[in-house]
Amino acid sequence: MSTEEHAAPTNFIHKIIEEDLAAGKNDGRVHTRFPPEPNGYLHIGHAKSICLNFGLAEAFGGQCNLRFDDTNPVKEEAEFVNSIKEDVKWLGFDWADREFYASDYFPKLYEWAVQLIKDGKAYVEDLSADEIRQYRGTLSEPGKNSPHRDRPVDENLKLFEDMKNGKFPDGAKVLRAKIDMASPNLNFRDPVLYRILHAKHHRTGSDWAIYPMYDWAHGQSDSIEGVTHSICTLEFEDHRPLYDWCLDTLGVYHPRQYEFARLNLTYTVLSKRKLLQLVTEKIVNGWDDPRMPTISGLRRRGFTASAIREFCERIGVAKANSTVDLALLEFCLREELNYSAPRVMAVLKPLKVVLTNYPEDKVENLEAENNPEQPEAGSRTMPFSRELYIEQEDFMEDPPKKFFRLAPGKEVRLKHAYIIKCEEVIKNGSGEITELHCAYIPETKSGEAEAGRKVKGTLHWVSARHAVTAEVRLVDNLFSEIEPDKIEIPGSLNPNSLEVLTDCKLEPSLKGAQPGDRFQFLRMGYFIADAVDSKPGTPIFNRTTPLRDTWAKVKKKG
RNA sequence: UGGGGCGUCGUCAAGUGGCUAAGACACAGGAUUUUGAUUCCUGCAUUCGGAGGUUCGAGUCCUCCCGCCCCAGCCA
């Protein structure tokens, strides 16, 4: 799949760039940027933006910067910048030496603010946050001018410098642009440019007592970096006039901003606030919990970077709010893993089977292909003996019509081995099935005379004596509601999002699985050796995603 | 009821006045299969939020209407 050809990715931004290039804009340069705020971990929604920004640059032979939008020290941390870098890299993108920080531009931004004040286009405000809100007016009523709006330039200059030098406490004053308190666009009603924050910044420490707001920092950062196309999400559409105003007023190079709809995914929460809540309230075990839609969570869960990239390509880029079906992400994953993942056998919920007519101490090493999609992947051998484990759900004492698996008196094929027939069901005192006594049919061994004999079902199995006992974690959606982002957190949490199985029986070859190794457990799904909790010789597996399960659908229908 | 956006199949999404409205996922049938997996066929919008209008011809242009999203942080 990764080598397959795709229809040229086309979206409205791609077209805009083509037109710009045709019109000779920006000297034929294409320069984008991915501008995360380091206040949380990246998630699948960010992946869409990353693929778009880096992808566009790549498609047009341009460049994409990684720029941390770190203008709010109270929320931002170095831990987040590290995770973001790791995730972008893992996704397969390279910003080379263009790792930038809005905080790199604090001196320049300050200088520009002074210029604005000198031009009579900004003033120091004494009103409290509350008063500013009241003066701002409402959606349908214009605001009122602040009593400090016409403060003399010299006074503004002095006050702003005092702000910078930490002479005032947090919240005492702000710097505002002087635009239009009656504008129908609230962003034009004298927006705050700087606020006082005596907080330690992850990079500039306590050098600054004032920090620029997003609107004052973003466009100028784009301008400094020579960005040509500044791509952001829809909620910033209203900010574009202000983005333009800042750049035009300053008379500096003016990149163009374009907005696209952010990603929403069914059964998934993507709002930063809720993701943070899941972590801080310990509903999940950290940002990289395999149930999290974070890049690090998906990675730990076993998703591949290329599957995520493929997904981002398939969902498209447009301006309509939309919610993509989680099934598409899973499809992209399975499409890749079906091709690449080695097949192995693992019994998750074991049921013992004794082959009564098989010699006590005999062991056969049977050949098993590693991947039917890749014959060149070769084969391995698996020990087969008198006592085996099969999956509990592969046996029913009183099966319905279309049950193709094992049942009293019924025959099934053991994959790569023999056809067996169930002859006796052994139960304990409380009536629970403890083991099955079966007969194997020697001439049905794979590759031999009657190997072609037809049976309806084929089961996976593991030799009891040779099995590796291991822990396997069945990961499922964190939420059972289709659009969990629309309600508050405890609401639709899936109580079964994580099922930990500690008595799984794996084929011996799995003992040496390394953290991060991916497999298809035959008939059960795709699994990865957990990168955090696996120990040498005792891997722990996470279920990345189950296989498509037509039988489950048939069962449901009854 | 200010401003900014958006409305094409269950879900994404092409389509920029002219063949029977792409494609993917999902879904439903069928074939092959020592994974009820994969693969392979087949089906799945007489219709583009609605109503008018322009035009030989409209999802595409015009008018009006309806619905949904975003904005009143010293967050981004």
Side-chain angles (χ1 to χ4, degrees), chain A residues 7 10-11 15 35-37 39 69 71-72 74-76 125 127-130 132-134 136-143 170-176 182-189 192-197 210-211 213-215 217-218 232-241 259 261 266 272 314-332 334-335 338-339 343 345 369 372-373 402-405 412-417 419 444 446-447 451-460 520-525 546-555:
Chain A
T10 176
N11 59 60
K15 277 177 196 140
E37 183 191 12
N39 68 345
D69 221 333
T71 57
N72 185 358
V74 314
K75 286 187 176 175
E76 297 151 6
E125 173 67 272
L127 256 30
S128 69
D130 219 50
I132 288 178
R133 187 178 317 123
Q134 267 150 41
R136 187 152 31 221
T138 68
L139 294 178
S140 49
E141 301 157 27
D170 287 5
K173 299 185 186 316
V174 293
L175 182 74
R176 291 230 254 172
S183 173
N185 181 344
L186 303 206
N187 295 123
F188 267 9
R189 321 249 262 227
V192 171
L193 266 24
Y194 272 94
R195 75 284 215 186
I196 298 170
L197 247 28
I210 56 171
Y211 290 90
M213 297 289 289
Y214 167 88
D215 287 309
H218 206 93
C232 61
T233 44
L234 254 27
E235 67 271 28
F236 291 101
E237 221 155 9
D238 285 341
H239 292 247
R240 191 175 59 220
E259 310 85 11
T266 56
K272 268 198 171 180
R314 285 189 187 234
I315 56 178
V317 177
K319 296 197 67 159
N321 290 317
S322 61
T323 302
V324 176
D325 193 339
L326 220 210
L328 181 60
L329 214 208
E330 290 170 348
F331 170 84
C332 294
R334 292 194 185 110
E335 182 184 41
N338 172 55
Y339 177 76
R343 272 59 168 175
M345 292 206 244
E369 67 181 342
E373 302 295 323
K402 289 197 217 159
F403 188 77
F404 301 156
R405 308 176 185 184
V412 290
R413 155 77 59 187
L414 294 181
K415 179 86 175 173
H416 302 313
I419 289 175
T444 59
S446 289
R453 178 160 155 185
K454 295 290 175 198
V455 281
K456 282 283 199 169
T458 300
L459 310 186
H460 61 282
Q520 183 193 109
F521 287 2
L522 225 63
R523 303 205 306 134
M524 301 309 283
L547 257 25
R548 261 190 77 223
D549 190 354
T550 310
W551 167 237
K553 283 179 196 166
V554 174
K555 258 195 307 195

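Fair warning: this is a prediction, and the values are worked out from it, not measured in the lab. Chain naming here is simple, since letters A, B, ... match the order of the sequence lines and numbering starts at 1 in each.
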What's the [atom1]-[atom2] distance between [X] and [N], to the nearest Å?
{"X": "A:Phe404", "N": "B:rU35", "atom1": "CZ", "atom2": "P", "result": "13 Å"}
{"X": "A:Asn11", "N": "B:rC6", "atom1": "CG", "atom2": "P", "result": "15 Å"}
{"X": "A:Asp549", "N": "B:rU38", "atom1": "CG", "atom2": "P", "result": "10 Å"}
{"X": "A:Asn321", "N": "B:rG49", "atom1": "CG", "atom2": "C1'", "result": "16 Å"}
{"X": "A:Asn338", "N": "B:rU35", "atom1": "CG", "atom2": "P", "result": "13 Å"}
{"X": "A:Glu335", "N": "B:rA37", "atom1": "CD", "atom2": "C1'", "result": "15 Å"}
{"X": "A:Arg413", "N": "B:rA37", "atom1": "CZ", "atom2": "C1'", "result": "18 Å"}
{"X": "A:Leu522", "N": "B:rU33", "atom1": "CG", "atom2": "P", "result": "17 Å"}

Between [atom1] on residue [X] and [atom2] on residue [Y], distance to nearest 0.5 Å:
{"X": "A:Leu547", "Y": "A:Glu330", "atom1": "CG", "atom2": "CD", "answer": "12.0 Å"}
{"X": "A:Leu459", "Y": "A:Phe404", "atom1": "CG", "atom2": "CZ", "answer": "13.0 Å"}
{"X": "A:Lys319", "Y": "A:Thr233", "atom1": "NZ", "atom2": "OG1", "answer": "11.0 Å"}
{"X": "A:Asn39", "Y": "A:Asn72", "atom1": "CG", "atom2": "CG", "answer": "8.0 Å"}

Taking the [atom1] atom of each, how far is [N] from [M], in whole Å?
{"N": "B:rC48", "M": "B:rA14", "atom1": "C1'", "answer": "13 Å"}
{"N": "B:rU63", "M": "B:rA58", "atom1": "C1'", "answer": "15 Å"}
{"N": "B:rU32", "M": "B:rC19", "atom1": "C1'", "answer": "37 Å"}
{"N": "B:rA21", "M": "B:rA13", "atom1": "C1'", "answer": "13 Å"}
{"N": "B:rG43", "M": "B:rA26", "atom1": "C1'", "answer": "14 Å"}
{"N": "B:rA28", "M": "B:rU47", "atom1": "P", "answer": "25 Å"}
{"N": "B:rG67", "M": "B:rA51", "atom1": "P", "answer": "16 Å"}
{"N": "B:rC6", "M": "B:rG49", "atom1": "P", "answer": "14 Å"}

B:rG73 glycosidic torsion: syn (within 90° of 0) vs anti:
syn
For every nucleotide of nucleotides 21-26 of chain B, 5' to 3': is a protein heavy atom under 4.0 Å from its base (B), only from its sugar-phosphate (S), or from neither (-)?
---SSS
Counting only side-chain heavy atoms from C-beta out, which of B:rG36, B:rG2, B:rC12 sits nearest to A:Ser322?
B:rC12
Looking at residues at least two apart in the chain, or sitting in another chain, which of them share a side-chain contact (heavy atoms from CB on, under 4.5 Å) with [X]?
{"X": "A:Ala182", "answer": "A:Pro142, A:Asp180"}
{"X": "A:Thr266", "answer": "A:Thr323, A:Asp325, A:Leu326, A:Ile482"}
{"X": "A:Leu522", "answer": "A:Arg343, A:Met345, A:Lys415, A:His460, A:Gln520"}
{"X": "A:Arg136", "answer": "A:Ile132, A:Arg133, A:Arg189"}

Base, sugar-phosphate, or nothing for [X], non-hydrogen atoms under 4.0 angstrom?
{"X": "A:Val317", "value": "sugar-phosphate"}
{"X": "A:Phe188", "value": "nothing"}
{"X": "A:Pro142", "value": "nothing"}
{"X": "A:Lys319", "value": "sugar-phosphate"}
{"X": "A:Lys402", "value": "base"}
{"X": "A:Gln520", "value": "base"}

Restricting to ring pair (Phe, Tyr, Trp, His ring centres under 6.0 Å), what partner residues turn up for A:Tyr214, sequence neighbours left out?
A:His218, A:Phe236
Residues A:Glu37, A:Lys75: salt bridge by 4.0 Å N-O rule:
no
Only pairs with both distances under 3.5 Å count, Watson-Crick or wobble alike; so what is the partner of [N] in this structure?
{"N": "B:rU38", "value": "none"}
{"N": "B:rG43", "value": "B:rC27"}
{"N": "B:rG17", "value": "none"}
{"N": "B:rC64", "value": "B:rG50"}

Is any N or O donor-acceptor pair between the side chain of [X] and the base of [N] shorter than 3.5 Å?
{"X": "A:Ser446", "N": "B:rU34", "result": "yes"}
{"X": "A:Arg523", "N": "B:rU35", "result": "no"}
{"X": "A:Asp238", "N": "B:rG3", "result": "yes"}
{"X": "A:Arg405", "N": "B:rG36", "result": "yes"}

A:Glu76 meets the side chain to side chain donor-acceptor pair (under 3.5 Å) criterion, sequence neighbours left out, with none
If the condition is side chain to side chain donor-acceptor pair (under 3.5 Å), which residues does A:Lys456 pass it with, not counting sequence neighbours?
none
Considering just the side-chain nitrogens and oxygens of A:Thr550, establish if one lies under 4.0 Å of OP1 or OP2 belonging to B:rA37.
yes
Under 4.0 Å: is that the gap between some side-chain N or O of A:Lys456 and OP1 or OP2 of B:rG36?
no
If you assign each of A:Met524 and A:Ile315 to its closest nucleotide in RNA chain B, which residue comes earlier from the 5' end?
A:Ile315
Distances for protein N or O near nucleotides 72-76 of chain B N or O, under 3.5 Å:
unit_1	atom_1	unit_2	atom_2	d
B:rA72	O2'	A:Arg136	NE	3.3
B:rG73	OP2	A:Arg133	NE	2.9
B:rG73	OP2	A:Arg136	NH2	3.3
B:rC74	OP1	A:Arg136	NH2	3.2
B:rC74	OP2	A:Arg136	NH1	3.3
B:rC74	N3	A:Gly171	O	3.3
B:rC74	N4	A:Leu127	O	3.0
B:rC74	N4	A:Ala129	N	3.0
B:rC74	N4	A:Gly171	O	3.1
B:rC75	OP2	A:Arg195	NE	3.0
B:rC75	OP2	A:Arg195	NH2	3.0
B:rC75	O3'	A:Arg195	NH2	3.1
B:rC75	O2'	A:Asn72	ND2	3.0
B:rA76	OP1	A:Thr71	OG1	2.7
B:rA76	OP1	A:Arg195	NH1	3.2
B:rA76	OP1	A:Arg195	NH2	2.9
B:rA76	OP2	A:Tyr214	N	3.0
B:rA76	O3'	A:Asp69	OD2	3.2
B:rA76	N6	A:His239	NE2	3.1

